[in-house]
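Worksheet for the structure shown next.
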Amino acid sequence: MCRARVIPIVIMVVMLVAKKILSRYFAIYHQLADTFLEKMQGMTTLKVYQNDSAAEQELAEESELFRQITMKVLTMQLLSTVVMDTVAYGGAACGIVIALNNALNNLRQGQVSRQGAIILILLAASYFLPMRQLGSYFHIGMNGMKASDQIFAFLDLPKKAAGQTSLPKKWP
């Protein structure tokens, strides 16, 4: 029962770390996408002025930065999954041991049948699995929330006012 309370605390700690890493991740991702599009659209100009190697170097540096932040995101997700699995399956193991001990004591005293003891053991094993599943869904939800934040930030950008300048009737 104690371990069931630890899982939400672990989820909250991971959420704080994940939010920080994911905000950097998406910022670098969008910067890399912008740079790539800019270089592809200006490829002819870069070739004409023989500046394509500098553009290639800039793109390689941004790609390396994106690779590094991607590895941090994957490491964070893997570590949080390991912690969640350890807590969930450790709790299930403790629950099985306690249920097995109680079931055997009750079985010896004739207070519970063999079928009842087996049911207690199986229920102890499945007690922590929904909390583990919640941890898995957390990572999916964090990615979706961060993507929606980016969409809303784009939609909230101020609109540029259309110009009302008119040309003179007579040209000099």
Side-chain angles (χ1 to χ4, degrees), residues 2-93 125-172:
C2 175
R3 290 194 187 249
R5 293 184 193 125
V6 172
I7 294 174
I9 293 170
V10 170
I11 290 173
M12 291 303 294
V13 169
V14 169
M15 185 175 78
L16 293 174
V17 172
K19 197 171 200 175
K20 181 181 174 188
I21 291 174
L22 285 176
S23 65
R24 279 194 60 221
Y25 174 79
F26 281 109
I28 292 171
Y29 172 76
H30 289 294
Q31 179 62 38
L32 178 63
D34 290 343
T35 301
F36 181 75
L37 181 62
E38 179 185 323
K39 301 304 180 207
M40 289 299 109
Q41 287 176 338
M43 186 59 73
T44 305
T45 306
L46 289 171
K47 286 283 191 186
V48 167
Y49 290 106
Q50 298 177 348
N51 202 14
D52 54 331
S53 60
E56 178 187 356
Q57 181 64 30
E58 180 185 351
L59 198 56
E61 289 171 3
E62 286 190 32
S63 297
E64 178 62 22
L65 185 62
F66 180 68
R67 185 195 67 78
Q68 290 172 354
I69 193 73
T70 300
M71 290 298 114
K72 284 184 183 180
V73 168
L74 293 175
T75 302
M76 179 267 310
Q77 287 179 339
L78 180 65
L79 287 176
S80 68
T81 301
V82 166
V83 168
M84 296 291 289
D85 283 347
T86 301
V87 171
Y89 294 127
S126 63
Y127 179 76
F128 288 92
L129 295 182
M131 292 299 273
R132 167 62 185 96
Q133 202 169 22
L134 175 66
S136 296
Y137 291 146
F138 163 74
H139 291 294
I140 296 167
M142 277 300 293
N143 286 335
M145 285 173 38
K146 201 62 190 162
S148 70
D149 288 345
Q150 293 289 329
I151 291 170
F152 287 128
F154 176 75
L155 292 175
D156 290 339
L157 288 174
K159 295 179 181 176
K160 294 183 181 178
Q164 297 296 326
T165 306
S166 58
L167 295 174
K169 300 214 186 235
K170 284 187 169 183
W171 285 88

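Reckoned from all heavy atoms, side chains included, excluding hydrogens, waters and symmetry mates.
Around atom NZ of K72, no more than 12 heavy atoms belonging to other residues, nucleotides or ligands sit under 6.0 Å away. Residue Q68 places its CD atom among more than 12 non-hydrogen atoms of other residues, nucleotides or ligands, all under 6.0 Å distant. Residue Q50 qualifies as open at atom CD: its count of foreign heavy atoms under 6.0 Å is 12 or below.
Considering OH of Y29 and CG of D34, their distance stands at 10.5 Å, rounded to 0.5 Å. Going from atom CE of M40 over to atom OG1 of T35 covers 11.0 Å, rounded to the nearest 0.5 Å. The NE2 atom of H30 lies 9.5 Å from the OH atom of Y25; values are rounded to the nearest 0.5 Å. Between atom CD of residue E38 and atom CG of residue L46 there is a gap of 8.5 Å, rounded to the nearest 0.5 Å. A distance of 11.5 Å separates CG of D52 from OG1 of T45, quoted to the nearest 0.5 Å.
For the 3.5 Å distance criterion, the side chains of S53 and Q57 fail to qualify, holding no donor opposite an acceptor.
Smallest separation of non-hydrogen atoms from E62 and Q31: OE1-O, 3.4 Å. A pairwise comparison of heavy atoms in F66 and I28 identifies CA-CG2, 3.7 Å as the closest pair.
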| field | Worked check of side chain to side chain contact (heavy atoms under 4.5 Å, CB included) between E56 and L59 | value | CA-CA 5 Å; E56 178 187 356; L59 198 56; 5.8 Å; no

| Are I69 and L65 close enough, and set up right, to give a side chain to side chain contact (heavy atoms under 4.5 Å, CB included), and what steps lead you there? | CA-CA 6 Å; I69 193 73; L65 185 62; 6.0 Å; no

